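In what follows, a structure is listed as structure tokens, so that the remarks can point back to it.
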Number of protein chains: 2
Amino acid sequence: MPAKRELHNPKASYHHGDLRQALLDAGDGVLQEQGLKGFTLRECARRAGVSHAAPKHHFGDVTGFLTEIAALGFMRLSAALELEIAGATNLDEEFIATTRAYVDFAEAHPEHFRIMFRCDLLDDQAPNIRQAAGETFRLLTNVILRQRGEPSLSASEYASGGEVIFVNVIHDIVIGWSHIHGLAHLKLERQLTMVPEDMHEALLVKASRRLATMLRQEAGNT
Amino acid sequence: MPAKRELHNPKASYHHGDLRQALLDAGDGVLQEQGLKGFTLRECARRAGVSHAAPKHHFGDVTGFLTEIAALGFMRLSAALELEIAGATNLDEEFIATTRAYVDFAEAHPEHFRIMFRCDLLDDQAPNIRQAAGETFRLLTNVILRQRGEPSLSASEYASGGEVIFVNVIHDIVIGWSHIHGLAHLKLERQLTMVPEDMHEALLVKASRRLATMLRQEAGNT
DNA sequence: TTCTTATCTTGACATTAGCAAGATAGATCC
DNA sequence: GGATCTATCTTGCTAATGTCAAGATAAGAA
């Protein structure tokens, strides 16, 4: 241990061990405490106790880093959806629970949510985020399929030609997702302030129940 | 005209005349050509032919500038909505046209749209943006009110206690707006790529028609 | 004319992303 | 064991940014 060298973090060795994960954790912290504005590669490096150029080897540039953060966001969203969906005991409840989980996620992790849906900041063709976002979409698709009384898609079914299976219901999937996503996004970005805060839960329930009822009806002409 | 001074723009006088508008125009150009990433106060100043600190006097800081840009965005969105709504000849058409105008706006001005709904980048309590966003919301509210066969709100009616008037229909307003906004946002952020591009128009029409039909029905229990 | 005020410039500082070159240490091979 | 290889991390640099403070300029008021 040569004393002449002053490492950024004298406790740690030159090789961090799991710097990649440490940087992702640091990024989480920065996003939570300072938001996307305070999110810089150098700040994350500082928190991880390494030099400013250390992240480059693991993520390339800031786009690569954000892509990874967004992919993690989709994984957490999927987990939250699965948890809420599993607790529902009927179709109305399931759709409401799905909406609630989605909206709650946006409010609990606003910066992650923003980044996940900012394709100009990401490499949205990267395999990891495509995979993660695809899984979220599969869960939402299945919620709609069940509303319509159709069988759900397993991950493997979805991977191998899910498009073919749900081509007939894609309209309803988009209707359902747009409803959920629009509500979450508008709420997150403070566009629903004309509704008193304590009415938001009731609003979510009523709106989602009405949507679900519609999804269970046969679509009309055209 | 002292020859020793080298102004940024020798053609213009020291006092620009309408630098505020020139900067806003420059900002428009930057957003269109380079997006939010290339949007910097200094770049806008360069385009307007003034020094890098000139914007400060007109907008304060970058947040103030973006707030102004966002307010303009809401005004343009309102104009687009009004135009499309005016062309509709029945309720189905009107709701579809509203959705189309909103979605088209997001695609035509993606960066404006992103900024308008990024409350962390803005001073969303500033009077100009509140006014502009309020007008957009009034137009959307009226679309929903007409679907329900209720009278529209004029700007003055909306300003003086519109909340009281539409408290009974706020659920449907949020349902309608969430649908429209969610569709626009998901499409803009490339989350609907599982639907072939040439089906997007038909998707929009079908989804909106179905939504409009629902809005015209009485809400069920709860 | 002189003073006042709004407008714009200059210069500086702290900060960032990204690059290039070098240092370190763990792993591999002989 | 020792030499080499390679991934990992550091240092130092450049160009750029937002913001501030101080000064310069012009337009209008007094």
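We name chains A, B, ... by the order of the sequence lines, and we start the count at 1 in each one. Values in this document were obtained by computation on a predicted structure and should not be read as measured data.
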Side-chain N,O (Arg46(B)) to OP1/OP2 (dA16(D)) below 4.0 Å: no

Please enumerate all residues that pass side chain to side chain donor-acceptor pair (under 3.5 Å) together with Gln131(A), with sequence neighbours excluded. none

Atom-to-atom span, CD of Gln21(B) to P of dT7(C) - whole angstrom: 15 Å

Shortest side-chain distance from Ser51(A), nucleotide among dT11(D), dT10(C), dT16(C): dT11(D)

For dC9(D), take OP1 and OP2 only and decide whether either is under 4.0 Å from a side-chain N or O of Arg20(A). no

Glu43(A) CD to dA17(C) P: how many Å, rounded? 10 Å

If you take atom types as modelled and just measure distance, does the side chain of Arg42(B) reach the base of dA16(D) with a donor-acceptor pair under 3.5 Å? no

Any pair with a residue in residues 57-66 of chain B that passes side chain to side chain donor-acceptor pair (under 3.5 Å), sequence neighbours left out, goes on the list, sorted by first then second residue, please. none

Over how many whole Å does the gap from Leu23(B) atom CG to dG18(D) atom P extend? 13 Å

d(NE2, His52(B); P, dT7(C)) in whole Å: 19 Å

From CD1 (Ile69(A)) to CG (Leu36(A)), nearest 0.5 Å: 10.0 Å

Quick test of your reading: applying salt bridge (charged side-chain N to carboxylate O under 4.0 Å, His left out), list the pairs with at least one residue in residues 122-134 of chain B, sequence neighbours left out, ordered by first then second residue. Arg190(A)-Asp124(B)

Phe65(A): partners by ring-ring contact (aromatic ring centres under 6.0 Å, His included), with sequence neighbours left out: Phe39(A), Phe59(A)

Residue pairs passing the salt bridge (charged side-chain N to carboxylate O under 4.0 Å, His left out) test where at least one lies in residues 75-88 of chain A, sequence neighbours excluded: Asp28(A)-Arg76(A)

Check whether any side-chain N or O of His52(A) sits under 3.5 Å from a backbone N or O of Ala45(A) as a donor-acceptor pair, and report yes or no. no

Near DNA chain D, under 4.0 Å by heavy atom, which residues of residues 26-41 of chain B? Thr40(B), Leu41(B)

From CG of Asp18(B) over to C1' of dA6(C), roughly how many Å is that when rounded to an integer? 14 Å

Is there a residue in residues 53-64 of chain A whose heavy atoms reach under 4.0 Å of DNA chain D, and which residues are they? Ala53(A), Ala54(A), His57(A), His58(A)

Thr136(B): partners by side chain to side chain donor-acceptor pair (under 3.5 Å), with sequence neighbours left out: Ser78(B)

Run the ring-ring contact (aromatic ring centres under 6.0 Å, His included) test against Phe117(B) and tell me which residues pass, sequence neighbours left out. Phe74(B), Phe113(B), His181(B)

